[in-house]
Visitor: 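Have a look at the structure that comes next, please.
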Amino acid sequence: MPFEALDFYDVDSLLTDEERMVRDMVRDFVDNEVLPKIEHACRDGVFPDEWRVTLGEMGVLGAPLKGYGCPGLSYTAYGVICRELERGDSGLRSFASVQGSLAMYPIWDFGSEEQKNYYLPKMASGEWIGCFGLTEPDYGSNPGDMITRAEDMGDYYLLNGAKMWITNGSIAKVAVVWAKLDGVIRGFIVEDGDEGFYAPEMKGKHSLKASVTSELVFQDCKIPKDRILPGVKGLRGPFSCLNNARYGISWGAIGAAQACFDSAKEYSLSRIQFDHPIASYQLVQNKLSWMLREITKAQLLAYHLSQKKDAGNWIPEHISLAKMNNVDIALEIARVARDIHGANGVLDEYPVMRHMANLESVKTYEGTHDIHNLILGRHITGIQSFTRDLS
Amino acid sequence: MSIAVLLKQVPDTTAKIAVSGGRVDQGSVSKWSTSPYDEYALEYALQLKESGAGDLVAITCGPARSSKMLTDAAAVGVDSMLHVEVDTSEMDSKQIQSILAAAVKHCDADVILCGKQAADTNSGSTGPGVASLIDAACVGMVSEVSVDGDGFSALRGTPTGNERVVVSRPCLFAFDKAATELRRPNVKGIMMAKKKVIETVSPGDLGVDIGESGIKINAHDSPPEKPPGQKFEGAESVSTVVTKLREEANVI
Ligand SMILES: Cc1cc2nc3c(=O)[nH]c(=O)nc-3n(C[C@H](O)[C@H](O)[C@H](O)COP(=O)(O)OP(=O)(O)OC[C@H]3O[C@@H](n4cnc5c(N)ncnc54)[C@H](O)[C@@H]3O)c2cc1C
């Protein structure tokens, strides 16, 4: 049976026909190909390769990018895609976010014409997987102080350093890696098989188990000269990618919350304790109505942000607010949904604990919850509080 | 000559059906979908088009909301769409068949695919009715069709096995559930669908006079509520259960 998503204010009626058709397409994929397999994928700790193939066939990778074989959809459609994918699993949405917003986008915006023509069509079709290397073992929230360095050797660049927590790292053909060249952050395209490049998988995650996370290690890694992204210098490069991915996450989190709400509602109606369905008790109804309230607000926030994104009148702080809020409420909804399921909530027969564990990562990556608070704090007061140096 | 697929929009199988004033309350239907058997007809119509049997037109006869179904069909590869926009709620099968037959002629189609019955009315008469009006061979209960020389080869299920039927143009195939996967659109298809214009006409534009209906529907009723389930425990109840299964449920 197709999924009927909670949409109390009928926010989806604001979508265009095209956006609704894209939604139904992705929803159908999640119902028929993701949900039947997701628990297995999590137990085995793998990202099923057939999902890559189908994402490519549906043509949703790099959704809002135009030209070079990319879909050319609206940012609203991109949001809807993220929401539908994350209703399945945050790991699946992570795959699409990284591919589209973090790997394809920098090539599309900052790449040379040759780079765009060479990489983008194969990445849009899903043939080549991309990853995005910014975080390092010692530099997470503070990527500006990264250690990874590139040296100009005349005929080539020499890359040394290590990245950590890189989604899709071990399965990627194309890695967009941020490293300092003469002290300035630049983007480099590293390919699987480049000499001195290794991408061992990080095992043992309790979260996003169906998503591959890896280290990227560069030991005197030789990069041809034409693999530097010519169009950007400094933190603006990685941050503009993150803006797009974070925007998608603000929609995606709603999908996970909708799945948890749906499961909690069904479960509470069928679970009898003290002779009555637990849904008939005021405490449980209070939890469900709180979920409805928060999901509805999150939907309106995401939709309005999408209109700003499509119109081009947005600032990064708008995105920070939506990412922070929507992931926050989704995580809390997942926790409350887990509670409503009682002991059954810890079983993988129900999606709630999986979403809950996934959302812990989503809260941390793409700018932790508190980093977004600091971004907003700086916006409000004009005073940055990331470091003690207040100059 | 081209291929036509006839599509009907029906209440989604998940939608709740309410009856008021002796009629199904269409306004209360929360979701409309393409009738499931028609989806198989569409899939095979696309396969025939892809094997070079001709351009494919999707035709529907129904109210304004039905056009969404044609756009969905365009997204999976239908070349053109014809919408005979009319309120069909009080029409009988014969009137609808005459409209569809005229629509098929209007599109110059001589290979027609449709579902064996619609999921709402279940009458099962559209395929044979249209076929007889346009003098086409009619193959019912089809689960597969492919191009065979100048004609077509269709597989139909019978209670004792499968039957393969070969027919030539003009012909009509009424589809049962088929083993094939239904195709999902992709973004390219969805973008293309936006550009394709639906031709919208009235029965009068097609030169059809549907006349008065010869059939009068007295009233629609909701099915009676199912009696509650019965529960039996322990080995001693086996014979009671067997008797009930045989005599009340008629399943053994
Ligand atoms: C599953 C997963 C996938 C990931 N995928 C990628 C990827 O594909 N590419 C990539 O580059 N990175 C990726 N990351 C890394 C992610 O972006 C970082 O984990 C994130 O930026 C936080 O960095 P950190 O883990 O080092 O935490 P830290 O920066 O050490 O933060 C730890 C805590 O300190 C708080 N904190 C830090 N600084 C301050 C401050 N100034 N004031 C107040 N509080 C502060 C944080 O809010 C947090 O609560 C991924 C992470 C995970 C978990």
Visitor: For the pair K194(B) and T16(A), evaluate side chain to side chain contact (heavy atoms under 4.5 Å, CB included) and give the outcome as yes or no after the intermediate values.
Guide: CA-CA 11 Å; K194(B) 200 171 63 171; T16(A) 63; over 6 Å; no

Visitor: Give me the atom names and distance for the closest heavy-atom approach of M58(A) to N186(B).
Guide: O-CB, 3.3 Å

Visitor: What's the spacing between M25(A) CE and I190(B) CD1 if we round to 0.5 Å?
Guide: 4.5 Å

Visitor: Would you say F232(B) has more than 12 foreign heavy atoms packed within less than 6.0 Å of its CZ?
Guide: yes

Visitor: For atom CD of E113(A), is the number of surrounding heavy atoms from other residues, nucleotides or ligands below 6.0 Å larger than 12?
Guide: yes

Visitor: D24(A) versus chain B, heavy atoms under 4.5 Å apart: side chain, backbone, both or neither?
Guide: side chain

Visitor: Grab the two heavy atoms, one from P71(A) and one from V187(B), that are nearest each other, plus how far apart they are.
Guide: CB-CG1, 4.0 Å

Visitor: Quick check: are there more than 12 heavy atoms from other residues, nucleotides or ligands sitting under 6.0 Å from NZ of K265(A)?
Guide: no

Visitor: Is H40(A) atom NE2 crowded by more than 12 heavy atoms from other residues, nucleotides or ligands, each under 6.0 Å away?
Guide: no

Visitor: Closest heavy-atom contact between A193(B) and M21(A)?
Guide: CB-CE, 4.4 Å

Visitor: In terms of heavy-atom proximity below 4.5 Å to chain B, should E33(A) be classed as side chain, backbone, both, or neither?
Guide: side chain

Visitor: Is chain B contacted by the side chain of E57(A), its backbone, both, or neither, given a heavy-atom distance below 4.5 Å?
Guide: backbone

Visitor: Are there residues of residues 62-74 of chain B that reach to under 4.5 Å of chain A by heavy atoms, and which ones?
Guide: K68(B), T71(B), D72(B)

